[in-house]
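Okay, structure first, notes after.
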Amino acid sequence: MTPELKGEILLGLVKIVVVFGALQLIVMNIVWAERRVSAWMQDRLGPNRVGPQGLLQGVADGLKNMLKEETMPANAEKGLFVLAPALAFIPAMMTQAVIPFASPLPVRFDWTWPLVGRIAYDGAMPMVIADLPVGFLYILALTSLGVYGVVLAGWSSGSKYSLLGGLRSSAQLISYEIAAGMSLIAVMILSGNVSLTAIVAKQQESVWFVFALSISFVVFLVTAFAETNRLPFDMPETESELVAGYHAEYSSMKFLVFLVAEYANLFTASALMATLFFGGWDIPFTTWDQGAPTVLKSLVTLVLFLTKTLSFCFVFIWVRWTLPRFRFDQVMQLGWKFLLPLAIAYVMVIATSVYALDLAGVAFGARYGAILFALNVVILYLVFWLLDRGRLIRGARAGYRPAAVRSSP
Amino acid sequence: MITGLFWAFSGIAILAALLCITRKSPVASALWLVVTLFALAGDYVLLDAQFIAVLQVLVYAGAIMVLFLFVIMLLNLGRSGTRTDIKGWMGRVLAAALGTALVLELLPLRDLGPPEQIRIPAGTLATLAETKGAVGMIAEPLFKAYLVPFEITSLLLLAAVIGAVVLAKRKL
């Protein structure tokens, strides 16, 4: 092994430990933020006793959960009941690996360590754990594996509420995964690559994709709520219908692991939206951040990336206390009858317009983005004002029964 | 190292496949099948086909197997203690014979490839991987050189979907 390869491996290990640790801290604080923000929206105080402003509430909750009694339901399938939280937790942690979180950091060292030998690195270290060639498809694949944790938790608990939660989640997550994947095809067309580093670079060249691909962003935002089991689509754990859904039978650390996985998924979805549609760590209106890498640039871009991501986390919390929960058949209708056809039609529109713009000889840049943005505004208007008018989602009218109930004898 | 990883992934795949067909509980069988599919995805990565590997996880391990679990749970077949459906010695002998026949059929296939006329020139994929990335490398030959087979396959799938809907819903 060359000293350079050793250096790269060392840096990789350091990045894994730092990102994993930071993710735990962030998740702990998102839980705190959610409780404080919801309290603020409901004119309460929320947790403010442990530490300054209640910031250490997460530590207290973690300690409490570790000391609580572990329960094992009598009807549970023991092996899978223990395995399920791990199956939810591992994919949630692994998805973070491909998201670039800052501009490259210049690193330079040349050490000689006992046992290891000479270890050296000189150059710009990309601030991403692994820049896989398959990019965001890796995230989609791992999210689809996260379903197993929820489904198996629901099934192995041996309780009817849990089983219903697991069934709902498997149906819901698959439905919305398809729409999410379809909405990202437009991103793939425009950027010409699926690697997240390449997508960030492409947005630095021209405009953020939220302007060029607004419809994709809207579809992906809605599906992100469904994929992370957040209100208004928290069908797997609706308190008012299923007690706590798939994790109703879990206690102590096993429950906490589900909670951490859920909030880690929330953070990843936010980071993905920031990266795919809001330029990732890009600083708008300047090319300063794309020059030769320095430590200051890395720090500033890291702060900007976190700001963008945490704003999306705030949107998730905000929507939770704004919109009421959908009925399950409404969730399915929205996914299959509205989001999926919209995403597919949009792929065709974008493919055609990208082809037309190439034929017209418009170079990829600000003007290109402006033309696509104008197109998006027109489509947005058509979709929401001409097509919708309350027809997409049926409200709870008096005497209205879902089609499935009506047709049965 | 690559060879070692190949044997590790393939060993896991074969072991999990064996467990998949011998478990009594349908849920356990389905989960071992997921492990098999996942290990195969590892093999694809070793072949430098990262896109195929991700699709394998996304579509087969992630979506189709969840639907399997969904049906098992919906029909409530998953509880252990249900009767095994492994047949008696006649069935076992027949299965072993068929399995051997399959292996024997696979052996000559090892040296076979598509005929020279429909093969894309050697090294094309490597250059495409450099210029177009992991997805473009698949898309370029698929939508140019192999467009007609691709379209025929998609027609076949469409026919299967329509057939399934017609069979499942007698009254349309």
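Just so we're on the same page: letters track the sequence lines, and every chain starts at 1.
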**Message:** Ignoring hydrogens, what is the shortest heavy-atom contact between Tyr250(A) and Pro85(A)? Give both atom names and the distance.
**Reply:** CE2-CG, 3.7 Å
**Asked** Which atoms of Val135(B) come close to chain A, meaning under 4.5 Å heavy atom to heavy atom: side chain ones, backbone ones, both, or neither?
**Response** side chain
**Prompt:** Looking only at heavy atoms, which two atoms of Phe81(A) and Glu249(A) are closest? And how far apart?
**Reply:** CZ-O, 3.8 Å
**Prompt:** Shortest non-hydrogen contact from Pro73(A) to Ser157(A)?
**Reply:** CB-O, 3.8 Å
**Prompt:** Does the Glu262(A) side chain pair with the main chain of Ala88(A), one donor and one acceptor, at a distance under 3.5 Å?
**Reply:** no
**Heavy-atom donor-acceptor pair, Gln172(A) side chain to Ala226(A) backbone, under 3.5 Å** = yes
**Message:** Just so I understand: if I count every heavy-atom pair under 4.5 Å between each of Leu167(A), Val147(A), Leu132(A) and chain B, which residue has the most?
**Reply:** Leu167(A)
**Asked** Side chain, backbone, both or neither: which part of Leu67(B) has a heavy atom under 4.5 Å from chain A?
**Response** both
**Item:** Region of Leu152(A) that comes under 4.5 Å of a non-hydrogen atom in chain B
**Value:** side chain
**Message:** Please enumerate all residues that pass ring pair (Phe, Tyr, Trp, His ring centres under 6.0 Å) together with Phe136(A), with sequence neighbours excluded.
**Reply:** none
**Asked** For Val59(B), is it the side chain, the backbone, both, or neither that has a heavy atom closer than 4.5 Å to a heavy atom of chain A?
**Response** neither
**Fill in**
Correct closest heavy-atom pair for Gly166(A) and Val151(A) would be O-CG2, 3.9 Å
**Request:** State, to 0.1 Å, how close Ile138(B) and Pro141(B) come at their nearest heavy-atom pair, and which atoms those are.
**Result:** O-CD, 3.4 Å
**Asked** Between Tyr148(A) (side chain) and Ala61(B) (backbone), is there a donor-acceptor pair under 3.5 Å?
**Response** yes
**Prompt:** Side chain, backbone, both or neither: which part of Leu80(A) has a heavy atom under 4.5 Å from chain B?
**Reply:** side chain
**Message:** Working to the nearest 0.5 angstrom, can you tell me the gap between Leu142(A) CG and Asn265(A) CG?
**Reply:** 10.0 Å
**Asked** Counting a contact as any heavy-atom pair under 4.5 Å apart, which residues of residues 143-159 of chain B contact chain A?
**Response** none
**Request:** Give the minimum heavy-atom separation between Ala224(A) and Thr228(A), together with the two atoms involved.
**Result:** O-OG1, 2.7 Å
Identify all side-chain donor-acceptor contacts of residues 35-51 of chain B below 3.5 Å with residues at least two apart in sequence or on another chain.
unit_1	atom_1	unit_2	atom_2	d
Thr36(B)	OG1	Ala17(B)	N	3.4
Thr36(B)	OG1	Trp32(B)	O	3.0
Asp43(B)	OD2	Ser10(B)	OG	3.2

**Message:** For residues 174-191 of chain A, give me every residue with a non-hydrogen atom less than 4.5 Å from any non-hydrogen atom of chain B.
**Reply:** Ile174(A), Met188(A)
